[in-house]
> 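One structure follows; several queries about it will come next.
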Number of protein chains: 4
Amino acid sequence: MVPIEKSASEAEIEGISEPYALASLELHPGRTEVKVGRGPGAVTFGGVRVPVVAGPCAVESWEQLGAVARAAKAAGAGALRGGAFKPRSSPYTFQGLGEEGLKLLARARELTGLPVVTEVMSPDAVRLVAEYADCLQIGARNMQNFELLRAAGKAAKPVLLKRALSGTIEELLMAAEYVLAAGNPEVILCERGIRTFERATRNTLDLSAIPVLRELTHLPVVVDPSHGTGKGSLVPAMALAAIAAGADGLLLEVHPDPARARSDGPQSLTPAGLEALVPRLSAVARAVGREV
Amino acid sequence: MVPIEKSASEAEIEGISEPYALASLELHPGRTEVKVGRGPGAVTFGGVRVPVVAGPCAVESWEQLGAVARAAKAAGAGALRGGAFKPRSSPYTFQGLGEEGLKLLARARELTGLPVVTEVMSPDAVRLVAEYADCLQIGARNMQNFELLRAAGKAAKPVLLKRALSGTIEELLMAAEYVLAAGNPEVILCERGIRTFERATRNTLDLSAIPVLRELTHLPVVVDPSHGTGKGSLVPAMALAAIAAGADGLLLEVHPDPARARSDGPQSLTPAGLEALVPRLSAVARAVGREV
Amino acid sequence: MVPIEKSASEAEIEGISEPYALASLELHPGRTEVKVGRGPGAVTFGGVRVPVVAGPCAVESWEQLGAVARAAKAAGAGALRGGAFKPRSSPYTFQGLGEEGLKLLARARELTGLPVVTEVMSPDAVRLVAEYADCLQIGARNMQNFELLRAAGKAAKPVLLKRALSGTIEELLMAAEYVLAAGNPEVILCERGIRTFERATRNTLDLSAIPVLRELTHLPVVVDPSHGTGKGSLVPAMALAAIAAGADGLLLEVHPDPARARSDGPQSLTPAGLEALVPRLSAVARAVGREV
Amino acid sequence: MVPIEKSASEAEIEGISEPYALASLELHPGRTEVKVGRGPGAVTFGGVRVPVVAGPCAVESWEQLGAVARAAKAAGAGALRGGAFKPRSSPYTFQGLGEEGLKLLARARELTGLPVVTEVMSPDAVRLVAEYADCLQIGARNMQNFELLRAAGKAAKPVLLKRALSGTIEELLMAAEYVLAAGNPEVILCERGIRTFERATRNTLDLSAIPVLRELTHLPVVVDPSHGTGKGSLVPAMALAAIAAGADGLLLEVHPDPARARSDGPQSLTPAGLEALVPRLSAVARAVGREV
């Protein structure tokens with residue numbers, strides 16, 4: 001028989017019984033609930049409710065963000081997402097508004113009461129982003145940026161950790177373990193599509209990660225069908241499927257004018273699309289004993 | 001910019017506007033309903049109902065098949081599946097009971113009234129299998145066995161065509177086109193997992209194929225979460241998700257004693273597991289305007 | 001730790017110590033030499049020499065095939081390749097000349113003395129193709145077409161078996177085992193690129209398959225850099241690399257007018273390109289103790 | 001036809017004619033030579049010579065490093081590699097000796113004259129690592145750690161940038177562009193294996209990246225067959241193939257006692273293995289007009 005090579009992670013953990021001891025369901029039975037935000041607007045991931053986190057890929061202006069935030073609130077979203085620091089493949093594309101973007105997010109929170117989830121890209125920036133945000137997002141490209149994971153592990157805000165494009169589920173758990181081991185117990189895992197040969201979608205959204213993670217960890221699991229498919233018209237079906245599969249939350253990109261978005265327009269819903277989707281999500285959530 | 005090489009199919013279809021003209025939704029608006037079986041037990045794919053096709057991976061004996069067939073009927077399944085001719089990676093493993101297996105399937109149909117779906121592996125065998133079966137399954141490994149597709153295209157029974165482990169959605173449609181172009185308009189497409197780097201599951205079930213196919217073709221689309229995950233404990237979540245995403249049917253492996261199955265035991269449900277799952281499937285189906 | 005699911009093949013071979021007993025190097029130490037053709041033009045795979053098998057993707061006409069055959073002979077190729085029966089993703093593209101193509105191949109053999117390698121796509125056609133060809137090629141899409149493998153195992157001609165686009169090396173060996181177990185000991189394995197996320201090449205040519213197979217089997221291993229890259233300009237570098245890695249032969253697509261080829265033009269060399277490449281291949285072959 | 005979704009990078013670069021203008025061969029014809037080290041021991045990548053960079057995965061002790069450094073020098077290697085800061089999937093495995101490891105590398109350079117290549121994992125550490133190292137390695141997991149790329153772009157040392165496990169060739173070039181655009185013109189690209197479904201090797205070494213990059217960029221390209229295969233017995237064949245395909249250098253893991261290595265032992269050569277390999281590399285290099 002062909003000898004099967006161990007993966008990087010396996011080779012490393014040889015002889016170590018628990019490479020993600022803190023994240024392990026076996027060692028920590030039950031479900032962890034992670035609360036994002038404070039006061040009446042706070043939202044919990046990992047309980048009966050399945051919050052929708054809606055917002056633009058990148059914060060572009062107050063006109064754009066304010067419009068989306070109001071629409072998200074009206075549609076029943078539980079939190080607002082939007083990137084101020086944007087990881088972009090090319091150095092010559094829009095890199096985000098930086099701190100100005102963070103300020104706009106804080107203003108949108110004041111306006112709507114929705115807590116804010118936004119990405120942090122380097123250890124140095126953790127402090128700054130944590131001042132404004134209610135939840136620190138670590139993007140797919142940084143899933144194994146271990147210095148960033150450690151820095152986020154010292155922050156006093158929850159962390160939403162996205163699976164890498166080629167990250168195994170086991171590696172996602174070990175990445176979460178870096179955050180947990182550094183002292184931050186509030187980690188939300190996020191499936192957002194993996195890279196495969198298929199070209200009809202931008203990535204292949206691996207919904208089976210939800211039940212696999214459910215068997216292995218007590219941490220909540222959310223799904224991002226916008227990045228997962230790369231195509232707005234596919235988002236509703238995959239959002240419904242994610243809830244049916246047991247997701248603890250959804251990240252949905254919403255833009256008032258997707259055709260003019262400075263990044264990821266094609267995968268965004270319009271505010272009207274979000275409004276139409278939420279009742280359908282609620283119906284499926286109820287069918288599986290949850291609520292949106 | 002890196003020039004992107006055309007895929008095989010693209011290179012071939014250059015200048016041809018419709019590589020899957022007969023399967024195309026654009027050219028044939030509406031939804032095709034494919035009826036499997038005759039008389040009162042017939043079941044339709046592509047309508048409001050979402051039939052469950054349940055049964056063992058391989059037909060092993062009347063004891064096994066009869067037990068599963070009765071359980072499938074009792075649980076509310078709409079059709080019976082089971083392999084008499086089994087494609088196996090190694091020549092030294094159980095290859096199926098052959099015609100004897102077909103006879104057992106026919107006996108199970110008599111017992112329960114459930115129509116029978118079973119695999120055919122070579123052009124020569126199409127006539128024989130079509131004598132016994134209500135629907136001819138073409139397996140993932142044979143998705144681009146063009147002689148087999150042509151032969152199935154001349155049969156008078158519907159064809160259930162599974163996506164190859166590395167088959168793109170476009171290639172699946174072109175494979176279906178071989179069957180349609182040979183004269184058989186009754187094709188059901190099946191997503192059953194693609195091959196990726198992830199090792200926590202046997203394959204990666206690509207549920208986004210459902211909404212992608214919905215945009216491109218009028219043919220019904222079913223999902224096989226048993227092969228798609230390779231693990232019985234993950235099947236319920238993925239079956240629920242498939243229905244939420246819009247699947248027109250499910251293939252579920254059921255075995256009375258998974259631990260002793262001669263093939264694919266670990267991914268099988270027990271009869272009790274099937275019985276517990278169906279009401280949950282019904283609830284999600286109703287939430288998206290369908291019925292199981 | 002995440003439990004790693006067994007692959008299909010592993011699940012099947014549980015408890016079976018040798019899923020490819022006849023192909024196994026451990027059980028059959030040494031190297032198998034496979035002779036293709038008869039008389040003075042015969043060529044051997046698996047010895048010191050590294051034959052080049054050159055020719056068009058598809059046989060289109062005598063003008064085309066004759067020109068390529070003469071050029072291949074002049075450049076030092078050891079055998080001629082060309083498809084008479086073509087597996088095509090779409091039913092509406094050129095499917096090959098069929099038996100007429102086989103006759104042209106035989107005529108080219110008479111003209112040049114080069115033995116002929118050509119594809120067979122169905123069990124029924126094995127007899128016909130074996131009448132004309134010196135070596136039966138089984139294409140990537142048919143690597144697990146088990147009925148075809150069995151039929152080829154009963155033919156009296158060597159078999160060149162290509163790895164599937166998503167075929168593991170272990171599965172390739174088990175597919176070869178079907179041919180060997182059916183009674184045909186003359187099997188040549190072929191690496192021709194696997195399907196990955198990378199889009200700058202048509203497939204990803206996995207040259208590491210050469211040393212892996214060298215450790216596992218006594219069968220010769222050839223490489224097809226034309227399909228492996230899909231781009232003529234990349235073929236020379238990968239052909240050189242294949243020889244350096246230990247390949248026992250090369251399949252190279254050559255067309256007198258790649259821009260007008262009826263299939264796979266972009267990946268073909270011109271006759272002049274082949275002529276320029278062979279001395280470079282020879283130099284690398286000598287550096288690793290082989291000859292072209 | 002199935003509409004093909006643009007990749008992230010494509011979506012971003014829409015309308016931008018040159019997403020990697022500084023790295024582009026079209027805009028900057030010729031070949032860039034990158035010199036690593038100073039004085040008589042300096043070594044150049046991108047010229048006629050093909051330097052071998054040898055050393056342990058992780059610096060463990062002076063005993064280990066000194067032994068490897070002497071062996072590397074004796075075998076004809078041009079530079080020394082070794083990790084002081086180690087990116088590890090699990091937080092509970094050996095993370096490297098840190099600055100102590102850098103000091104040992106500097107001591108090994110004094111001993112042998114070999115310049116030192118070592119990894120840097122965070123923007124903060126660039127200054128420290130650049131004090132000791134002759135070349136800063138950015139690992140596969142950090143290929144799109146844009147803050148790190150920018151920081152390395154401000155360093156006065158060359159950068160060796162590894163392709164991500166799921167990084168396309170186009171993304172590798174855009175990642176290099178971050179370094180170049182920040183002011184550092186000395187970038188060496190490294191192919192080290194991508195993640196695919198194949199399990200007989202740890203990764204799939206994509207040697208076609210060499211000729212693809214050769215067509216697109218003037219930057220030198222090196223190959224790491226140790227990580228690329230994950231198995232020491234496969235390294236010689238793939239190292240030979242890399243040179244035949246046109247690589248400008250090799251990274252080879254060498255450990256005096258692979259079975260006891262604290263990381264990646266199974267893929268390491270022994271000093272004797274390295275010594276035996278170099279003359280074979282030289283022979284192939286000469287066959288393609290290069291020297292080792």
Side-chain angles (χ1 to χ4, degrees), chain C residues 1 4 7 10 90 163 165-173 193-216 223 225 228-231 233-247 280-289, chain D residues 1 4 7 9-10 90 163 165-173 193-216 225 228-231 233-247 280-289:
Chain C
M1 182 184 339
I4 292 168
S7 68
E10 290 170 287
S90 163
R163 181 180 181 187
L165 274 77
S166 63
T168 65
I169 293 171
E170 184 186 41
E171 288 169 346
L172 174 60
L173 286 167
I194 57 173
R195 207 161 246 189
T196 72
F197 63 83
E198 177 58 57
R199 293 164 69 170
T201 46
R202 179 169 164 179
N203 297 293
T204 295
L205 190 64
D206 178 13
L207 292 182
S208 64
I210 302 170
V212 170
L213 286 166
R214 191 63 77 227
E215 295 184 353
L216 297 172
V223 170
T229 62
K231 205 172 163 190
S233 66
L234 307 176
V235 167
M238 298 312 282
L240 293 162
I243 290 181
R280 299 169 63 197
L281 297 174
S282 290
V284 169
R286 281 191 301 271
V288 295
Chain D
M1 184 184 337
I4 292 168
S7 69
S9 57
E10 290 170 287
S90 163
R163 182 179 180 186
L165 275 77
S166 62
T168 65
I169 293 172
E170 184 185 42
E171 288 170 345
L172 173 61
L173 286 168
I194 58 173
R195 207 161 247 188
T196 72
F197 62 83
E198 177 57 59
R199 293 164 69 169
T201 46
R202 179 170 164 180
N203 297 294
T204 295
L205 190 64
D206 178 14
L207 292 182
S208 64
I210 303 170
V212 170
L213 286 166
R214 193 61 79 227
E215 296 184 353
L216 297 172
T229 62
K231 205 170 164 194
S233 66
L234 307 176
V235 167
M238 297 312 282
L240 293 162
I243 289 181
R280 298 170 64 198
L281 297 174
S282 290
V284 170
R286 280 192 301 270
V288 295

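Here is how names work: the chains are called A, B, and so on, in the same order as the sequence lines, proteins then strands, and each is numbered from 1.
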> What's the shortest heavy-atom distance between C:F197 and D:R195, and which atoms?
CE2-O, 3.9 Å
> Specify which of D:A242, D:S166, D:S233 makes the most heavy-atom pairs with chain C at under 4.5 Å.
D:S166
> Is the shortest side-chain heavy-atom distance between C:I169 and D:E198 below 4.5 Å?
yes
> Any idea which heavy atoms bring D:A287 and C:A283 closest together, and the distance?
CB-O, 3.5 Å
> Side chains of C:T204 and D:T204: does their closest heavy-atom pair fall under 4.5 Å?
yes
> What are the two closest heavy atoms between D:S208 and C:T201, and how far apart are they?
OG-CG2, 3.8 Å
> Does the side chain of C:E215 come within less than 4.5 Å of D:L234's, by heavy atoms?
yes
> So which atom in C:V212 and which in D:A200 form the shortest heavy-atom distance, rounded to 0.1 Å?
CG1-CB, 4.0 Å
> Locate the shortest heavy-atom distance separating C:A244 from D:L240; write the atom from each residue and the value.
CB-O, 3.5 Å
> How long is the gap from CG on C:D206 to CG on D:N203, to the nearest 0.5 Å?
11.0 Å
> Roughly how far, to the nearest 0.5 Å, is the OG1 atom of D:T229 from the CG atom of C:L207?
12.5 Å
